[in-house]
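Not measured: the values here are computed from a predicted model. The first residue in the sequence is number 1, and the count goes up from there.
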Amino acid sequence: GIYTGLAEDTRVELQHALPEAFLLTREMMQVDPLSDAPVWTVSVLPNEPLNGGAAGTNSLIASPDLGTLVHEMFHWWNGHTVGYAKDANWIHEGFTTYYEGKLLLQSGYWSESQLAEYLGRSYSQIPDALSPLNLPQASAAFLKRHSQDGYYQVYSGGASVAAWLDRELQQMGRSLDEIWPQLVRQTGLITTETFLEIVSDLYGSEIAAQCRSIVFGQQPIPAP
């Protein structure tokens, strides 16, 4: 990667953490991210008054925050290698938000308590979190108008669904990680229905039906 204008301790941390996150994600996805370039790079501009950045495989990110960087790197697969229809932006952004925290846990940079705090904070940002939320509908609306409520519905709502689903699967001795190679193998854009079909094929119709009920707003998103 390329690190510009960073403090020495931050630069050292990123030079260790980002390759670790890359390798963990590549192992999980079972494929390199699609790229027209022979290398993958991250350029960090920490003094810019922005947060986040472009998530192509040569990313320009205006934040030295490790979570933001891991989020954008995860998009190299989830959003770039795997593409989504408008109604599935809750998977594109929301699941990436969840894996931002999960990868930091798996790589040893976060503790279980830090991940729990992160997920709790994300859940608390969902507008009317105790009310059912139609995530495909929110996804399509968010692409048309970038409101703050729409942002948290898609990002935090999707992250909370991912956290719930992963927790349910772990109780079955499974993991949400298993879904990524299946998504990578799909042709065309992933829709909400495509995702739910894969959940059913991998984990069974009962958990898929529960997921459908939550995703389409027939019941509230469970708290982490």
Side-chain angles (χ1 to χ4, degrees), residues 24-35 55-57 71-103 119 122 126 132-146 150-222 224:
L24 281 169
T25 309
R26 182 169 65 178
E27 181 179 1
M28 179 173 62
M29 298 289 182
Q30 299 180 16
V31 68
D32 284 338
L34 292 178
S35 178
T57 47
H71 181 108
E72 297 301 339
M73 181 180 288
F74 196 77
H75 272 317
W76 293 359
W77 286 270
N78 193 40
H80 187 68
T81 304
V82 179
Y84 291 93
K86 292 180 180 179
D87 78 299
N89 200 36
W90 62 276
I91 309 170
H92 174 200
E93 291 294 356
F95 278 43
T96 302
T97 299
Y98 171 63
Y99 269 87
E100 170 187 334
K102 186 173 182 179
L103 285 168
L119 294 175
S122 180
I126 305 171
L133 171 62
N134 187 315
L135 286 170
Q137 188 177 77
S139 292
F142 175 67
L143 292 175
K144 296 176 183 176
R145 50 176 178 78
H146 286 250
Y151 174 92
Y152 287 122
Q153 286 173 342
V154 171
Y155 281 68
S156 299
S160 296
V161 169
W164 164 80
L165 182 55
D166 205 8
R167 184 170 66 246
E168 292 294 307
L169 294 173
Q170 287 168 13
Q171 291 174 1
M172 298 162 52
R174 306 290 296 276
S175 170
L176 186 58
D177 298 356
E178 299 167 38
I179 205 167
W180 297 109
Q182 302 301 319
L183 290 173
V184 167
R185 294 188 188 106
Q186 299 296 309
T187 57
L189 298 177
I190 301 295
T191 66
T192 294
E193 289 297 337
T194 306
F195 173 81
L196 291 170
E197 288 170 9
I198 294 173
V199 170
S200 183
D201 290 343
L202 274 179
Y203 307 117
S205 58
E206 184 176 344
I207 191 74
Q210 282 184 273
C211 190
R212 174 181 292 277
S213 179
I214 293 168
V215 165
F216 281 97
Q218 295 166 346
Q219 66 181 84
I221 300 170

Could you report the tightest heavy-atom contact between [X] and [Y], atom names first, then the distance?
X	Y	value
Ser122	Ser156	O-CB, 3.1 Å
Ala88	Ile190	CB-O, 3.5 Å
Val154	Ser139	CG2-CA, 3.9 Å
Ile126	Tyr152	CG1-O, 4.2 Å
Pro136	Phe216	CG-CE2, 3.7 Å
Lys102	Ser175	NZ-OG, 3.7 Å

Could you measure the distance from the [atom1] atom of [X] to the [atom2] atom of [Y]? Nearest 0.5 Å is fine.
X	Y	atom1	atom2	result
Leu196	Ile91	CG	CD1	7.0 Å
Glu168	Leu176	CD	CG	12.0 Å
Ile198	Ile179	CD1	CD1	6.0 Å
Met73	His80	CE	NE2	13.5 Å
Asp87	Gln137	CG	CD	11.0 Å

Would you give me the side-chain donor-acceptor pairs under 3.5 Å for residues 180-188, sequence neighbours excluded?
from	atom 1	to	atom 2	distance (Å)
Trp180	NE1	Tyr99	OH	3.2
Gln186	NE2	Gln182	O	3.3

### Query
Considering only heavy atoms from C-beta outward, does the side chain of Arg167 approach that of Pro222 to under 4.5 Å?
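Yes, side chains in contact.
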
### Message
So Leu135 and Thr192, do their side chains get closer than 4.5 Å, heavy atoms only?
### Response
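Result no, sub-4.5 Å side-chain heavy-atom pair not found.
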
### Message
Assess whether a salt bridge exists between Arg212 and Glu193, defined as any Lys/Arg side-chain N lying under 4.0 Å from an Asp/Glu carboxylate O.
### Response
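Yes, charged N to carboxylate O under 4.0 Å.
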
Donor-acceptor contact below 3.5 Å, side chain [X] vs main chain [Y]:
X	Y	value
Thr81	Trp76	yes
Thr191	Thr194	yes
Thr25	Phe74	no
Ser213	Ala209	no
Ser205	Ser200	no
Asp177	Asp166	no

### Message
Angle between ring planes, His75 versus His71, binned at 30° and 60°: parallel, tilted or perpendicular?
### Response
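Perpendicular: the ring planes of His75 and His71 meet at over 60°.
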
### Query
Of Lys86, His92, Glu93, which is the lone residue that meets side chain to side chain donor-acceptor pair (under 3.5 Å) with Asn89?
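Exactly one option meets the side chain to side chain donor-acceptor pair (under 3.5 Å) with Asn89, and it is His92.
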
### Message
Under the ring pair (Phe, Tyr, Trp, His ring centres under 6.0 Å) test against Phe195, which residue among Tyr84, Tyr203, Trp90 passes?
### Response
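Exactly one candidate clears the test, Trp90.
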
